[in-house]
Amino acid sequence: MLEIKNLHVKLEEEDKQILKGVDLTVEAGKVHAIMGPNGSGKSTLSYVLSGRDGYEVTEGTASLDGADLLEMEPEERAAAGVFLAFQYPVEIPGVGNMIFLRTAVNAQRKARGQDELSATDFLKEVRAKAKALKIDAEMLKRPVNVGFSGGEKKRNEILQMAMLEPKMCILDETDSGLDVDAMKLVAEGVNALRDEQRGFLVITHYQRLLDHIKPDVVHIMAEGRIVKSGGPELALEVEHNGYADILAEVN
Ligand code: ADP
Ligand code: MG
Ligand code: MG
């Protein structure tokens with residue numbers, strides 16, 4: 001479903017190559033995790049897939065269900081079903097969370113050629129999904145992410161994801177700054193969205209998130225490439241031995 005081939009990316013402003021030939025295929029229904037040392041290019045990969053400015057693809061391809069993602073504007077990628085949960089969720093003062101969600105959902109439906117959700121249907125859906133994530137009604141009325149705790153922001157991202165029903169969910173360090181309970185809630189939210197049509201790319205520093213979101217495949221990224229792939233046991237290996245052994249093995 002998501003197919004990345006030989007992806008090379010440099011910074012637009014500087015002559016700095018960050019991704020140096022990433023190959024990765026995420027099949028529908030599968031959860032792939034990416035781990036790797038700081039600065040290896042994990043966030044860059046997620047930004048490039050979501051269409052963020054500042055990066056230039058110098059070689060390679062990325063497609064979703066055969067459609068070239070790299071040709072699309074960020075909104076088109078979202079409409080095609082790519083969702084990126086940000087490492088640092090943005091605050092939007094003055095825009096109520098509920099209004100924001102409803103606008104995003106309806107924009108997405110429009111782009112997909114579906115009718116808008118009625119106010120009642122939207123309310124029903126958002127309340128049910130918020131409840132499952134233990135997000136209270138009051139938080140839905142507040143401005144997006146303003147004054148939310150780290151855990152609340154993360155849960156709010158998962159709520160956005162649940163409402164948008166993306167095909168390909170990319171989570172970048174969704175676990176950073178979360179206490180164990182919040183991490184469990186986030187993981188449950190993700191697990192509730194797992195189904196045969198949907199793929200996940202979960203970027204994480206720590207193995208502990210993967211105790212709760214059981215990945216099908218684990219990749220190790222280093223210096224702009226995926227240097228090793230394996231099953232969940234690879235994450236445990238990293239947890240116990242760090243990256244040094246793996247990096248020594250591939251160098
Ligand atoms: P990771 O998420 O694996 O920690 P990143 O993708 O954030 O790695 O970064 C990869 C490398 O690219 C790092 O060396 C980082 O400093 C550099 N980099 C990424 N984006 C920028 C930028 N906008 N300006 C300068 N350097 C950047
Ligand atoms: Mg980083
Ligand atoms: Mg990062």
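Fair warning: this is a prediction, and the values are worked out from it, not measured in the lab. Atoms within each ligand, like the ligands themselves, are counted from 1 in listed order. Every heavy atom of this structure was used, including side-chain atoms; hydrogens, water molecules and symmetry mates were not.
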By number and element, which atoms of ligand 1 are closer than 4.0 Å to a non-hydrogen atom of K16?
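Those atoms are 14 (O), 16 (O), 17 (C).
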
Can you give me the closest heavy-atom contact between M221 and P37, atom names plus distance?
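It is O-CD, 3.2 Å.
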
Close-contact set for ligand 1 against N38 heavy atoms, below 4.0 Å:
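Here the atoms of ligand 1 in question are 4 (O).
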
Numbering as shown, the atoms of ligand 1 that approach S40 to under 4.0 Å (heavy-atom distance)
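Ligand 1 atoms under the 4.0 Å threshold to S40: 1 (P), 3 (O), 8 (O).
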
Considering all heavy atoms of both residues, which atom of Y55 and which atom of E12 are nearest to each other, and what is their separation?
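What the structure gives for the nearest pair is O-OE2, 3.6 Å.
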
With a 4.5 Å limit on heavy-atom distance, are the side chains of F122 and L101 in contact?
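F122 reaches L101 side chain to side chain.
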
With heavy atoms of S43 as the reference, note each atom of ligand 1 found under 4.0 Å away.
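Every atom of ligand 1 under 4.0 Å from some heavy atom of S43: 1 (P), 2 (O), 6 (O), 7 (O).
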
Have a look at A222, G39, P37, G224 and point out the one with the heavy atom closest to atom 13 (C) of ligand 1.
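It is G39 whose heavy atom sits nearest to atom 13 (C) of ligand 1.
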
Which is it for L45 and ligand 1 at heavy atoms under 4.0 Å: side chain, backbone, both or neither?
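No part of L45 comes within reach of ligand 1.
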
L70 side chain near V48 side chain, heavy-atom distance below 4.5 Å:
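Yes, side chains in contact.
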
Mind checking whether Y47 has a heavy atom under 4.0 Å from ligand 1?
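Judged by the 4.0 Å heavy-atom criterion, Y47 does not count as contacting ligand 1.
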
Should G54 be listed as contacting ligand 1, given a heavy-atom distance under 4.0 Å as the test?
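G54 does not count as a contact of ligand 1 under the 4.0 Å cut-off.
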
Output yes when E73 and R77 qualify as a salt bridge under the 4.0 Å nitrogen-oxygen rule, no when they do not.
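Salt bridge: no.
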
G41: heavy atom below 4.0 Å from ligand 1, yes or no?
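Checking ligand 1 against G41, which is what was asked, there is a heavy-atom contact under 4.0 Å.
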
Does S46 bring an N, O or S atom to within less than 2.8 Å of the Mg ion (ligand 3)?
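No, S46 does not qualify, because none of its backbone or side-chain N, O or S atoms lies under 2.8 Å.
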
Can you tell if the side chain of I220 reaches within under 4.5 Å of the side chain of L234, non-hydrogen atoms only?
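Yes. Closest side-chain heavy atoms under 4.5 Å.
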
Which residues share a ring pair (Phe, Tyr, Trp, His ring centres under 6.0 Å) with H32, sequence neighbours left out:
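Partners of H32 by the ring pair (Phe, Tyr, Trp, His ring centres under 6.0 Å) criterion, ordered by chain and then number, come out as H219.
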
Is T44 close to ligand 1, meaning an N/O of one under 3.5 Å from an N/O of the other?
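So ligand 1 has an N or O lying under 3.5 Å from an N or O of T44.
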
Using a 4.0 Å cut-off to any heavy atom of Y55, which atoms of ligand 1 qualify?
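Those of ligand 1 that fall under 4.0 Å from Y55 are 20 (N).
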
Answer whether the closest heavy-atom distance between the side chains of E237 and I246 falls below 4.5 Å.
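They are in side-chain contact.
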
Considering only heavy atoms from C-beta outward, does the side chain of M139 approach that of F148 to under 4.5 Å?
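The answer is yes; the side chains approach within 4.5 Å.
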
Would you check the N or O atoms of I18, main chain and side chain alike, for any that come under 3.5 Å of an N or O of ligand 1?
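For ligand 1, there is no N or O atom that lies under 3.5 Å from one belonging to I18.
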
